[in-house]
Amino acid sequence: QSVRKQFEEYDIACINYMLYYSKKEVFEIKPKYFVLMDPCLYQEYVTSPNEPPIPSHKEIAAILEEVDWDCYIITTVFADFEVKNPYIHYIRLSCFSTEYKNWKIPLFKANYINLGYYNVIQAALFFAIVFGYKDVAMLGCPYKPLNVKMTEEGLHVVEHMHYYDKDAYEYTIPYEELHSREEGFWERSYYRAYLSCKCLWDIKKLADSQGCRIINYSEDSRIDAFRVGKLQL
């Protein structure tokens with residue numbers, strides 16, 4: 001409640017699995033927006049046998065059916081995901097990836113193009129900027145895209161940790177999966193991390209051009225594009 005009080009004049013947006021793992025808190029703060037971008041939220045999701053299962057879109061939809069306040073779901077135009085709840089309205093963003101250029105700002109605002117949704121954090125920030133928000137506070141966004149180590153046998157071990165996990169979990173990628181692709185694991189991982197970080201810096205440029213101030217209050221965050229703040233609890 002003390003955290004919510006600090007931002008009581010803000011419109012709150014919750015992203016992806018917060019609705020599932022922090023349902024009690026979400027229903028207390030009654031966010032105005034749910035930014036849902038993970039593929040499993042609008043199609044059947046298949047996980048690696050070595051990776052712990054995550055909630056399906058059906059489980060998320062069941063929770064959304066319980067929502068009893070007016071709010072918006074922000075997702076992409078290609079997402080075939082809709083809940084028949086009269087309290088929920090939909091904002092569907094374009095999904096044509098492009099880099100930041102000043103002359104593209106009118107196209108961003110008209111929802112013809114975007115900055116590329118490499119993760120849900122970027123999608124939420126992009127939406128906030130083009131919808132005219134001037135102060136944006138980020139919480140629960142540690143963002144650690146390359147938490148990987150190797151075994152003595154040369155297998156990659158990926159560590160996952162989210163704010164809602166009691167402990168980080170690890171899963172080992174088998175040789176069959178590593179060698180089933182045309183590019184190497186590190187090549188793919190670093191390239192995706194590069195694209196994702198570049199998009200965050202493009203978002204910073206867009207925010208600066210629109211007079212939008214973004215402050216990251218997340219603890220132990222790896223995001224370096226925005227000013228860092230500390231909550232006074």
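The analysis underlying the following values was restricted to heavy atoms, covering all of them including side chains, and did not include hydrogens, waters or symmetry mates.
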- Item | Val35/Asn16 under side-chain contact (heavy atoms from CB on, under 4.5 Å): CA gap, chis, key distance, verdict | CA-CA 6 Å; Val35 186; Asn16 282 6; 6.0 Å; no
- May I have the step-by-step check of side-chain contact (heavy atoms from CB on, under 4.5 Å) for Tyr217 and Cys141, ending in yes or no? CA-CA 8 Å; Tyr217 291 93; Cys141 302; over 6 Å; no
- Should Lys23 and Met18 be marked as a side-chain contact (heavy atoms from CB on, under 4.5 Å) after you check the CA-CA gap, both sets of side-chain angles, and the distance that decides it? CA-CA 7 Å; Lys23 177 183 175 181; Met18 183 176 182; over 6 Å; no
- Item | Ile214/Ile129 under side-chain contact (heavy atoms from CB on, under 4.5 Å): CA gap, chis, key distance, verdict | CA-CA 9 Å; Ile214 300 174; Ile129 297 166; 4.3 Å; yes
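Nearest heavy atoms, Leu93 versus Ala123: CD1-O, 4.4 Å. When all heavy atoms of Gly116 and Cys199 are compared, the closest pair comes out as O-SG, 3.0 Å. Closest non-hydrogen pair, Lys30 versus Asp68, comes out as NZ-OD1, 3.6 Å. Counting all heavy atoms, side chain and backbone alike, Ile215 lies closest to Val228 at CG2-C, 4.0 Å. Residues Pro142 and Ser218 come closest through the heavy atom pair N-CB, 4.3 Å. The nearest pair of heavy atoms linking Asn85 to Val67 is ND2-O, 3.0 Å.
Tyr90 contributes a side-chain N or O that, together with a main-chain N or O of Val83, makes up a donor-acceptor pair within less than 3.5 Å. Side-chain atoms of Asn119 come within 3.5 Å of backbone N or O of Gln122 as a donor-acceptor pair. When atom types are taken as modelled, the side chain of Thr76 and the backbone of Cys95 share no donor-acceptor pair closer than 3.5 angstrom. Using a distance-only test at 3.5 Å, with no hydrogens or angles considered, no donor-acceptor pair links the side chain of Glu65 to the main chain of Ala62.
Note on Ile15 and Ile91: same hydrophobic cluster, where clusters join Ile, Leu, Val, Met, Phe, Trp and Tyr whose side-chain heavy atoms are under 4.5 Å apart, directly or indirectly. One hydrophobic cluster, built from ILVMFWY side chains closer than 4.5 Å, cannot hold both Leu195 and Tyr190; they sit in different ones. Put simply, Phe226 and Tyr118 are part of two different groups of oily side chains (I, L, V, M, F, W, Y) that touch within less than 4.5 Å, one to the next.
Side-chain contact between Arg92 and Thr75 is present, with at least one heavy-atom pair separated by less than 4.5 Å. Two residues are said to be in side-chain contact when any heavy atoms from C-beta on lie closer than 4.5 Å; Leu125 and Val136 meet this criterion. In this structure the side chain of Lys204 reaches within 4.5 angstrom of the side chain of Trp201, judged on heavy atoms. A 4.5 Å side-chain heavy-atom check between Leu64 and Phe34 finds at least one atom pair inside the cut-off. Side-chain contact between Asn216 and Leu139: absent, with no pair of heavy atoms (C-beta onward) separated by less than 4.5 Å. Counting only heavy atoms from C-beta outward, the side chains of Tyr33 and Cys71 never approach each other to under 4.5 Å.
Side-chain atoms of Asn114 and Tyr112 include no donor-acceptor pair closer than 3.5 Å. A donor and an acceptor atom, one from each side chain of Gln210 and Lys109, are located under 3.5 Å apart.
Between Ile12 atom CD1 and Ile29 atom CD1 the span is 5.5 Å, to the nearest 0.5 Å. A distance of 5.5 Å separates CE of Met138 from CD1 of Ile121, quoted to the nearest 0.5 Å. With rounding to the nearest 0.5 angstrom, the OG1 atom of Thr98 is 4.5 Å from the CD1 atom of Ile113. Summarising the geometry, atom CG belonging to Asp135 is positioned 7.0 Å from atom SG belonging to Cys212; distances are rounded to the nearest 0.5 Å. Between atom CD of residue Glu66 and atom OH of residue Tyr87 there is a gap of 13.5 Å, rounded to the nearest 0.5 Å. Once rounded to the nearest 0.5 Å, the distance linking SG of Cys14 with CG of Leu19 reads 7.5 Å.
Comment: Lys104 does not engage Glu99 in a salt bridge, judged by the lack of any side-chain N to carboxylate O separation of less than 4.0 angstrom. Looking at Asp70 and Lys32, no side-chain N of the basic residue comes within less than 4.0 Å of a carboxylate O on the acidic one, giving no salt bridge. The residues Lys205 and Asp202 are annotated as salt-bridged, a charged nitrogen and a carboxylate oxygen being separated by less than 4.0 angstrom. Lys84 has a carboxylate O that lies under 4.0 Å from a charged side-chain N of Glu82, or vice versa, which qualifies the two as a salt bridge.
Between Phe27 and Trp69, the distance separating the two ring centers is shorter than 6.0 angstrom. For Tyr10 and Tyr133, the ring centers are positioned 6.0 Å apart or more.
In Tyr72, the OH atom is not crowded: 12 or fewer heavy atoms of neighbouring residues, nucleotides or ligands sit closer than 6.0 Å.
Taking Tyr194 as the reference, nothing meets the ring-ring contact (aromatic ring centres under 6.0 Å, His included) condition, with sequence neighbours excluded.
Ring orientation note: the planes of Phe131 and Phe127 are tilted relative to one another, at an angle of 30° to 60°.
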